[in-house]
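One structure is given here, and the rest of the page talks about it.
Per chain, numbering begins at 1; letters A, B, ... match sequence-line order.
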Amino acid sequence: MLDLKYIRENLDEAERRLRTRGGKSYLDGLRELDERRRTLLKEGETLKALRNSVSDEIGRTKDKSQVQDKILAMREVSHKIKGLDDELGLVDEQLQSFLLTVPNLPHGTTPIGASENDNVQVRCWGEPQKLPFAAKPHWDLGEDLGILDFERGAKITGARFTLYRGAGARMERALINLMLDLHTDQHGYQEVLPPFMVNRDSMTGTGQLPKFEDDLFKMVDPDFFLIPTAEVPVTNIHRGEILKKSDLPISYCAYTPCFRREAGSYGKDTRGLIRQHQFNKVELVKFVHPSESDAGLETLTGHAEKVLQLLGLPYRVMALCSADIGFSAAKTYDLEVWLPGQCCYREISSCSTFGDFQARRASIRFREDEKGKPEFVHTLNGSGLAVGRTLVAILENYQQEDGSVLVPPVLQPYMGGLERIVR
RNA sequence: GGAGAGAUGGCCGAGUAGGUCGAAGGCGCUCGCCUGCUAAGCGAGUAUACUGGGAAACCGGUAUCGAGGGUUCGAAUCCCUCUCUCUCCGCCA
């Protein structure tokens, strides 16, 4: 959520920055709503002040017969207040839901662009290898090796669900452990294991609601949602809290499965593990002092990159342009891993800074000075990494001409010493 | 799922015949004083949001005693709904 006061005072600038995302208009009608609200507020509060003082007077008068006229007058005033409050409630609601659907302002260093084609490559690591034989896509490798069973996944549940078997299941688990160990032991994150279902407030806090309900799996009876990313439960750990400045930065990492409807992506990536309704991810989340958020994004991105480097997977870092960053993000780096089986780079991690956007929605604050006003922290997060896609990248990059797949050395200890997956 | 108890400020905890309660008291914390140091002691201060005024310091208004609604001139106190916590029973990994 954006700061209403900031918008009020910088309407044109805010609109201009928002339009770099590509829409036509983001703040139309906001000024009128805001002014209407303040008018109603002022009127109602004046009457309330009157009522309070007169009621006080009535209370101190022992002989109530002397104040009958005042009681009657206040009955009238209360009636008016009720009317004003009702209207104010309506306007407030409109204003609130308006604000909740306005995306974040792009960061000053986010490249301006019109589509994903305008994303900017920041750096790359490793050599995208051309395999000296006909490279297979991971779905063929996985099926041939008997470690990925797409057909039965579809039978058990439906499209975009996959059954992992044997070394495949083991590798998924090994990757989760490798990533968690790295981030906790080397990068200073505290491991957390959050609920995989969250309530509406949590979804609103990080920005998935109210706008993107169609992308989520929703429970019927309790009004809960399956998490689309650990970002949601982990960022909401501190919803409504005032943190100690000395506790910042707070760094959490969490493994969770993620559940996404993938509405609107029919026909896209229908084969293989790339786009599933359920996938595993290790997520990094940071709460930082505002002055640290820019540097924080760089280090957090570095932590995600480290996983790819350890696994020896070539990748590039893309700065997403203004048209391609997510609703809540101010700036995003995508890590794209090289997939020789499909001869392309695919997103495997997305690292973003949200500025105070999520912190304002979720009311996560700290005090600069003991006596100072609470201020919003900045939140950051990034995948470190998407586990299923990492397994995809390993299969495709480490495949051999005979159809077997070598296990990256760092992963072997996590797989009982297994060096090669064969049929 | 059944029965009961509860939810007050950073914490503990008063507060039911509705008014002087944003809320006693204690602890903690901050600033000052005092004591040769420490402990103790003394004094003052110590919620948040919105909003009006002001360059600012700051001053004023409104709201908030789990959440929402109702009764009333007036509600932490009365009524209704919901959420959460705890205890007992049932069920269960």
A:Ala359: side chain to side chain contact (heavy atoms under 4.5 Å, CB included) partners, not counting sequence neighbours: A:Ile364, A:Phe376, A:Val377
Non-neighbouring partners of A:Lys42 that pass salt bridge (Lys or Arg N to Asp or Glu O under 4.0 Å), sequence neighbours left out: none
RNA chain B: 5'-proximal contact among A:Pro374 and A:Asp34 (nearest heavy atom): A:Pro374
RNA chain B contacts made by residues 2-12 of chain A, counting heavy atoms under 4.0 Å: A:Lys5, A:Arg8
Heavy-atom protein contacts under 4.0 Å, nucleotides 53-75 of chain B, coded B base, S sugar-phosphate only, - none: --------BBS------S--BS-
Contacts of A:Arg31 that satisfy side chain to side chain contact (heavy atoms under 4.5 Å, CB included) - sequence neighbours left out: A:Leu11, A:Glu35
Residue list, salt bridge (Lys or Arg N to Asp or Glu O under 4.0 Å) with A:Glu241, at least two apart or on another chain: none
Pair pattern of RNA chain B in dot-bracket, where unpaired bases get dots and | marks partners in another strand, Watson-Crick or G-U under 3.5 angstrom: ((((((((.[[[..)...(.....]]]((((((.......))))))(((((((....))))))).[[[[[..)....]]]]])))))))....
Contact list for residues 411-423 of chain A, test side-chain hydrogen bond (donor to acceptor under 3.5 Å, both in side chains), sequence neighbours left out: A:Asp181-A:Tyr414, A:Ser404-A:Arg420
ring-ring contact (aromatic ring centres under 6.0 Å, His included) against A:His303, all qualifying residues, sequence neighbours excluded: A:His187, A:Tyr189
For A:Lys244, all residues meeting salt bridge (Lys or Arg N to Asp or Glu O under 4.0 Å), sequence neighbours excluded: none
Contact list for residues 286-304 of chain A, test salt bridge (Lys or Arg N to Asp or Glu O under 4.0 Å), sequence neighbours left out: none
Residue pairs involving residues 323-339 of chain A (criterion salt bridge (Lys or Arg N to Asp or Glu O under 4.0 Å); sequence neighbours excluded): A:Arg316-A:Glu336
